[in-house]
Amino acid sequence: MIFKAIFITVFAIFFIYSLLRPFQSLFARLFLMIGSILGILSLIGVSYAQSVADFLGIGRAADLYLYLGLITIFLYVAFTLNRFDTLNKKISNLVKELAILNKTDNSDQK
């Protein structure tokens, strides 16, 4: 029982953190929020998860877990792709600046 309370507290802290921290990417915020909700739902019990599933119009709590898991995976993939794109842009800018610096260094030596 103590571990259940500890993990619920950890997921609740992650959820609050996702609400308060300014993220650069919306995908990162949603990933943390939905992942925290999924973690809390999986720990609080089947009856509560079933109540949430009924409220959302989903037949079973297991389907709710599946849908939230798929959304979380999609957000993780989108976040990762967004991060790679940002890194590619930074690398491209660095390469351009180095090429310009090397060109000016070579013209000064002649």
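Of all heavy-atom pairs between M33 and L19, the closest is CE-CD2, 3.7 Å.
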Between D54 and Q50, does the side chain to side chain donor-acceptor pair (under 3.5 Å) criterion hold? Intermediate values first, please.
CA-CA 6 Å; D54 290 338; Q50 185 61 45; 2.9 Å; yes
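In this view, Y76 and F31 satisfy the ring pair (Phe, Tyr, Trp, His ring centres under 6.0 Å) rule, not counting sequence neighbours.
Remark: side-chain polar atoms of R29 are paired, donor with acceptor, to backbone N or O of R21 under 3.5 angstrom. Panel note: side chain S18, backbone F15; a donor-acceptor pair is recorded below 3.5 Å.
The number of heavy atoms from other shown groups lying within 6.0 Å of CZ (F14) does not exceed 12.
The shortest distance between side-chain heavy atoms of F84 and T80 falls below 4.5 Å. A heavy-atom distance below 4.5 Å is not found between the side chains of L81 and D85. Y65 has its side chain within reach of L38: a pair of non-hydrogen atoms, C-beta onward, lies under 4.5 Å apart.
The line from CG of N93 to CG of L98 is 11.0 Å long, rounded to the nearest 0.5 Å. Taking CZ of R83 as the start and CG of L87 as the end, the distance is 6.5 Å to the nearest 0.5 Å. Between atom CD1 of residue I40 and atom OH of residue Y48 there is a gap of 13.5 Å, rounded to the nearest 0.5 Å.
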